[in-house]
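Have a look at the structure below before the remarks.
Just so you know, ligand 1 is whichever comes first in the structure, and atom 1 is the first atom listed for that ligand.
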Amino acid sequence: MPLQKTDAELIQLDKELLWHPYTSMSHPTPHFLIKKAEGSRITLSNNQTLIDGMSSWWSVIHGYNHPTINEAMKSQIDDFSHVMFGGLTHEPAIELANTLIKITPKELSRVFFSDSGSVAVEVALKMAIQYWHSAGNPDKKRFITPKNGYHGDTFAAMSVCDPVNGMHNLFKGTLTEQFFIPSPPTGIDTPIDEKYLARIHQLIKKHHTEIAGFILEPVVQNAGGMRFYNPMYLDRIKTLCDDFNILLIFDEIATGFGRTGKMFATNHCNITPDIMCVGKALTGGYITLAATITNDKVALGISDKGGVFMHGPTFMGNPLACSAANASLSLLASYDLENLITNIETNLSKSLNKCKALENVANIRCFGAIGVVELITPIDQHRIQPLFVEQGVWIRPFGKLIYLMPPFVITNKEIETLGDAIYNVIASLEQ
Ligand code: PMP
């Protein structure tokens with residue numbers, strides 16, 4: 001039964017009942033009731049339309065309510081929405097695995113589906129530990145990772161998140177202690193810092209007998225700081241990992257499926273990781289699904305001596321989610337991706353650069369379909385969120401970062417409006 005309440009009553013009930021991401025139940029940030037979303041627009045219950053600068057946490061790459069994905073899911077619902085993946089299989093999952101293997105870097109050949117990005121990371125870490133266990137190295141069970149990373153909110157994923165942003169103090173004693181290195185120097189074109197690599201080499205040399213894997217977000221560190229770095233570091237880190245028997249794990253959950261201008265951020269470098277995690281935009285942001293993809297070495301290393309991989313979520317390989325992902329990937333294949341994203345990048349730079357004139361702006365940077373305005377002092381989310389809505393845009397900043405990751409269907413004019421809104425809001429706070 002619909003609740004038959006006014007919008008104000010619904011929002012009040014939401015406040016009383018619902019815990020939203022990273023919020024307090026006693027001092028919740030404002031939440032806006034939406035009634036429709038289409039293309040790059042979100043419509044609120046009061047009929048106000050907002051231009052979407054977030055792609056719903058970077059996942060809705062083709063825009064909302066896309067006829068191709070709608071159709072694929074409706075057709076799948078009529079066949080079956082879910083079956084267990086233990087003992088049963090189905091074409092949507094097989095087709096999806098086949099496409100993923102084709103579009104990911106060569107050598108990645110085996111796919112494990114799970115429900116969310118965090119779980120895909122748990123699975124990747126588990127795979128690495130199980131691989132070394134099977135290889136007779138049970139001491140290799142810790143991980144090395146750069147600071148400023150973000151890999152999810154479950155416990156193992158949290159243990160490899162930035163120790164400050166990831167609130168390691170709050171969970172001290174419950175998180176595995178991992179090896180942290182400084183985050184890579186920023187700037188896609190910044191020359192490689194040999195001293196930085198030498199520090200990593202030192203740490204690995206000392207601790208490699210305990211280290212199962214090196215996990216990182218390739219080229220862009222996302223929720224841990226929106227930092228871009230030179231892809232050549234990835235080539236060099238891969239060599240270090242090979243020299244010291246460490247598996248390399250790329251978390252492409254935020255960067256995968258075109259966001260950086262190539263299908264995967266990994267395509268900016270010349271190497272292939274041992275394990276890759278994807279999620280978010282995998283289904284065009286329609287429904288939750290993630291995958292951990294690995295090579296024969298890891299998959300057969302775990303399995304050949306009679307081992308089984310110890311993970312199996314209830315909704316593993318959900319057919320509805322796989323059908324959305326198959327439709328999303330066929331849409332992606334129909335785009336001239338590099339040109340599309342280059343155009344978004346050019347327009348993001350144009351529209352954000354005017355913020356340079358503002359006092360509280362420390363840095364502006366764009367890479368692919370990602371535009372970042374870094375402030376000198378952090379924003380107050382309670383205050384800033386309604387200001388963006390007043391400007392007719394949906395932008396959700398955090399800390400010192402106001403950023404845009406729009407859907408790929410965004411127009412140049414809409415990007416200009418998003419940039420104007422950011423300028424106006426920062427300027428109004430400076431008065
Ligand atoms: N890894 C990265 C790089 C992410 O950006 C995120 C989510 N922001 C995750 C993992 C976790 O994914 P999920 O929220 O789907 O659990």
Side-chain angles (χ1 to χ4, degrees), residues 19-23 53-61 104 112-128 143 145-163 165-167 175 178 183-184 213-229 231 234 248-260 263-266 268 273 275-293 311 313 315-316 318 321 324-325 328 367-370 372 395-399 401 403-406:
W19 219 317
H20 284 263
Y22 312 109
T23 53
M54 295 284 94
S55 313
S56 280
W57 275 335
W58 333 333
S59 62
V60 184
I61 50 175
T104 48
F112 190 99
F113 287 123
S114 59
D115 331 60
S116 71
S118 303
V119 176
V121 168
E122 298 283 327
V123 165
L125 302 181
K126 227 184 207 186
M127 269 181 192
F143 293 88
T145 191
K147 287 183 181 166
N148 283 101
Y150 176 81
H151 299 284
D153 290 345
T154 51
F155 274 88
M158 255 199 303
S159 77
V160 287
C161 288
D162 181 84
N165 299 335
M167 289 182 288
L175 297 179
Q178 312 291 14
S183 40
F214 195 136
I215 181 166
L216 53 79
E217 294 155 278
V219 193
V220 181
Q221 292 189 297
N222 298 275
M226 294 292 170
R227 304 169 86 259
F228 312 141
Y229 64 88
L234 302 170
L248 182 58
I249 305 169
F250 281 0
D251 178 347
E252 286 259 13
I253 290 160
T255 47
F257 308 110
R259 181 60 62 185
T260 67
M263 185 59 86
F264 296 99
T266 310
H268 293 281
I275 303 174
M276 183 193 271
C277 303
V278 294
K280 285 191 185 281
L282 172 59
T283 61
Y286 258 63
I287 186 166
T288 183
L289 181 71
T292 307
I293 311 168
H311 210 90
F315 290 102
M316 182 168 177
N318 174 263
S328 173
F367 181 56
I370 311 171
V372 184
I395 296 172
R396 188 155 176 88
F398 63 93
L401 300 170
Y403 70 93
L404 298 174
M405 283 212 198

- Task: Write out the residue and atom name of the closest protein heavy atom to atom 1 (N) of ligand 1, then the distance separating them to 0.1 Å.
- Result: Asp251 OD2, 2.6 Å

- May I ask which of Lys280, Glu252, Glu122, Glu217 has a heavy atom nearer to atom 7 (C) of ligand 1 than the others do? Lys280

- Message: Starting from atom 16 (O) of ligand 1, what is the nearest protein heavy atom, named by residue and atom, and what distance separates them?
- Response: Ser118 OG, 2.6 Å

- Query: Cut-off 3.5 Å, side chains only: do Glu252 and Thr266 have a donor facing an acceptor?
  - Reply: yes

- Task: Run the numbers for me: atoms of ligand 1, each under 4.0 Å from some heavy atom of Ala254, listed by number.
- Result: 5 (O)

- Would you check if the side chain of Ser159 reaches a backbone N or O of Ala156 as a donor-acceptor pair within less than 3.5 Å? yes

- Does a donor on one side chain sit under 3.5 Å from an acceptor on the other, for Asp153 and Tyr22? yes

- Trp58 N/O under 3.5 Å from ligand 1 N/O: no

- Task: Show which atoms of ligand 1 fall inside a sub-4.0 Å distance from at least one heavy-atom site of Ser116.
- Result: 15 (O), 16 (O)

- Item | Residues His268 and Thr260: side-chain donor-acceptor under 3.5 angstrom | yes

- Can you tell me the protein heavy atom closest to atom 6 (C) of ligand 1 and the distance? Tyr150 CE2, 3.5 Å

- Item | Heavy-atom check, side chain of Tyr150 versus side chain of Asn165, under 4.5 Å | no

- Item | Glu217 side chain vs Asn222 backbone, donor-acceptor pair below 3.5 Å | yes

- Query: Can you check whether Gly117 has an N/O within less than 3.5 Å of an N/O in ligand 1?
  - Reply: yes

- Item | Distance filter under 4.0 Å to Gly152 heavy atoms, resulting ligand 1 atoms | 10 (C), 11 (C)

- Check whether any side-chain N or O of Lys147 sits under 3.5 Å from a backbone N or O of Pro163 as a donor-acceptor pair, and report yes or no. no

